[in-house]
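Excluded from the calculations below are hydrogen atoms, water molecules and symmetry mates; all remaining heavy atoms, backbone and side chain alike, are included.
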Amino acid sequence: MLKLIIRQANWGILGSLFRYAIIFFVSVYVVREVGKIEYGKYATAHVFATIMDVFLAIGIPYVILRFFPSLLKKDPQKASFIIRKMLRYAVSISLIFMIVMFLTKDLLDIYIYPKTPNFSYLLFIISIHAPISIFMGIITSLYRSVLKIKEIMLYGTFISVPLRGVITFIVFQYTSDIFYLVAIDIFVQLLTLFLMYYFFNKREFKIFNNNKLFNNVSSIDNNIFSYGKKMYANSILSLFSNQGLPLLIGVLLLPEEMGIYRILMQIAALSMFLNKNLRNIFSPAISKLYEENKISELNILYKQTTFIVNILTIPFCILMIFFANVFLRLYDFSTEEILLYKPFLIILIIARMIYLIAGSSGAFMIMAGIEKKEILIQTIRGVLSILIALIFIEEYKLGAVVVLIIFSMIFVAIAQLISIKKEINISPFSSELFLLILLSIPIVFCAINYQITFSFYHYILLPIILYLFYFVVFYKRLKTIYLEIK
């Protein structure tokens, strides 16, 4: 199983590196052209669209990931019937949503976003992302359910991301209007959506079969509905625990502060590219092993993937801390702004490192039959985060946000690990992972406190030296993994 996951992950890792690099530099370019205020408006509207997407999607991607790996093989007629039902729902709810948005955009501008002037039209246009995301979630989950990660990377990354980057670079040579970025996003997403549906239907599974092929199928099993309801509740709660703070920042603070928050989160998110990619591949494998009751294999896989993620990402996070000033200067931060916001960025990176130690715990909670406890964990996190933010965010602004993020991540990681150990009796921890953590603590401390004026050769030598150190220390373990997947 590890061999299959790593082979699929090769494409995912390559695609993630490619995607994150281009998106990062495009965002740098856009912020320099439009400014932090306009970028803050853009980010605020995207948070709203993300929230609407999760509300409207009703847990469909989770249902596909949970049931379709086996359903596509055992009962393709039922699979086709369910997919068509999902697509009909997506079309209907998208039309209703856009009509409602058109009628209420001015009210949202006045009563929900009073600190963001002239926001209604931008909010309405960016809201188009919500219906597009519903369809994208369906097709991406279908590709993941058959472990076709290469295709997701091809259409969703290697074609769409550079296309968006090139068009953005050309267009913003002549304008600094943020609406053009929205138009570019929508065009590229629609093109990607068309390509992914077309090739999945042609090469993997006939989504648009003739109705005669499934005349005997007239209903969807209750267990699918039941699981969908659970996961919808979980996705709503996860949404508020993850997007509650950005929503409150957009409502309670000024657009410039939202822009700075988005920039800090984008920089910190560079450290999560590998974990997110492996989690996407890992989910169907968890479901398969759990259904087959192969708990010992699941435990081994959990430990192996957690170690692989951390051995690759912890040195990267340390490098990000070393070069924090450089990242902020790229986004046109002044010296005063760097002194103010660099500690925030370092805290966010460390929060990501702590969360990475827990491995793909969230995927285990969802795919291994303990969704209820995951819902409870996300409920507690979401409620506490929102309540504390409402009390402190207006007074302490981004400082309160950063503190909340790190404590909420620690809480979720610990709660998930305890629940998984108690219910399934598996753990991501190994002797190699503990040694990795112990070795990294003094290096992180050095990265935070060591002040140096970097020359060009530092950007080449420091990554080589750091990764070489880790790879030499864990040479035997890495060699064992390599021989296993060879």
Go through V47 and M258 one step at a time and tell me if the side chain to side chain contact (heavy atoms under 4.5 Å, CB included) criterion holds. CA-CA 11 Å; V47 171; M258 180 60 175; 3.6 Å; yes

Determine, step by step, whether K85 and Y89 satisfy the side chain to side chain contact (heavy atoms under 4.5 Å, CB included) criterion, reporting the C-alpha distance in whole Å, the side-chain angles of both residues, the deciding distance to 0.1 Å, and the verdict. CA-CA 6 Å; K85 286 286 187 181; Y89 165 80; over 6 Å; no

Quick one: do K202 and Y198 satisfy side chain to side chain contact (heavy atoms under 4.5 Å, CB included)? Show the steps, please. CA-CA 6 Å; K202 183 178 180 180; Y198 175 78; 3.8 Å; yes

Would you sort out whether F411 and L384 count as a side chain to side chain contact (heavy atoms under 4.5 Å, CB included), showing the intermediate values? CA-CA 11 Å; F411 164 75; L384 289 178; 5.8 Å; no

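Here the shortest heavy-atom pairing between I37 and P255 reads O-CB, 3.6 Å. Minimum heavy-atom separation, L65 to R144: CD1-NH2, 3.3 Å. In terms of heavy atoms, M98 sits closest to P131 at SD-CG, 4.0 Å. Shortest non-hydrogen contact noted between Y355 and A413 is CD1-CB, 4.3 Å. In terms of heavy-atom proximity, L245 sits nearest to S385 at CD2-O, 4.2 Å. The two atoms that bring I393 and L253 nearest to each other are O-CD2, 4.0 Å, heavy atoms only.
Classification of the Y121-F179 ring pair by plane angle, with boundaries at 30° and 60°, yields tilted. Ring geometry for Y143 versus Y155: interplanar angle of 30 to 60°, hence tilted. A tilted orientation is assigned to the rings of H129 and H46, their planes being inclined by 30° to 60°.
Taking the six-membered ring where the residue is Trp, the centroids of F25 and F169 are separated by 6.0 Å or more. Between Y180 and F172, a ring centre-to-centre spacing not shorter than 6.0 Å is recorded.
I349 CD1 to I267 CD1: the interatomic distance, rounded to the nearest 0.5 Å, is 7.5 Å. Atoms OG and CZ, on S145 and R66 in that order, are 13.0 Å from each other to the nearest 0.5 Å. The line from CG of L248 to CD of Q243 is 11.0 Å long, rounded to the nearest 0.5 Å. For the atom pair Y113 OH and L252 CG, the distance stands at 10.5 Å (nearest 0.5 Å). Residue I60 holds its CD1 atom at 4.5 Å from CD1 of I138, rounded to the nearest 0.5 Å. L163 contributes atom CG, which lies 9.5 Å from atom CD1 of I184 (distance to the nearest 0.5 angstrom).
Under the 3.5 Å distance criterion, the side-chain polar atoms of K41 are matched with a main-chain donor or acceptor of P117. Between the side chain of E257 and the backbone N or O of L254 there is at least one donor-acceptor pair closer than 3.5 Å. Under a 3.5 Å cut-off, the side chain of S408 and the backbone N or O of I405 do form a donor-acceptor pair. For the pair N310 (side chain) and L433 (backbone), a donor-acceptor distance under 3.5 Å is absent. Using modelled atom types, one side-chain atom of N299 and one backbone atom of S427 make a donor-acceptor pair closer than 3.5 Å. Y261 places no side-chain N or O within donor-acceptor distance of the main-chain N or O of G40, the cut-off being under 3.5 Å.
Two residues are said to be in side-chain contact when any heavy atoms from C-beta on lie closer than 4.5 Å; I178 and L181 meet this criterion. Using a 4.5 Å cut-off on side-chain heavy atoms (C-beta onward), Q266 and F24 make no contact. Using a 4.5 Å cut-off on side-chain heavy atoms (C-beta onward), M86 and V63 make contact. Between F48 and I126 there is no side-chain heavy-atom pair separated by less than 4.5 Å. You'll find the side chain of I377 reaches within 4.5 Å of the side chain of S419, heavy atoms only. When side chains are defined from C-beta on, F67 does not count as touching I82, because their heavy atoms never get closer than 4.5 Å. At least one side-chain heavy atom of M136 sits less than 4.5 Å from a side-chain heavy atom of I139. The closest side-chain heavy-atom distance from L270 to M320 is below 4.5 Å.
F407 CZ: 12 or fewer foreign heavy atoms inside a 6.0 Å radius. For K115, the NZ atom sits in a packed shell: over 12 heavy atoms of surrounding residues, nucleotides or ligands are nearer than 6.0 Å.
Figure legend: cation-pi geometry between K229 and Y227 absent, as NZ or CZ is not positioned both under 6.0 Å from the six-membered ring centre and within 45° of its axis.
There is a side-chain donor-acceptor pair under 3.5 Å between Y302 and S361. Y331 and S27 share a donor-acceptor pair across their side chains, judged by distance under 3.5 Å alone.
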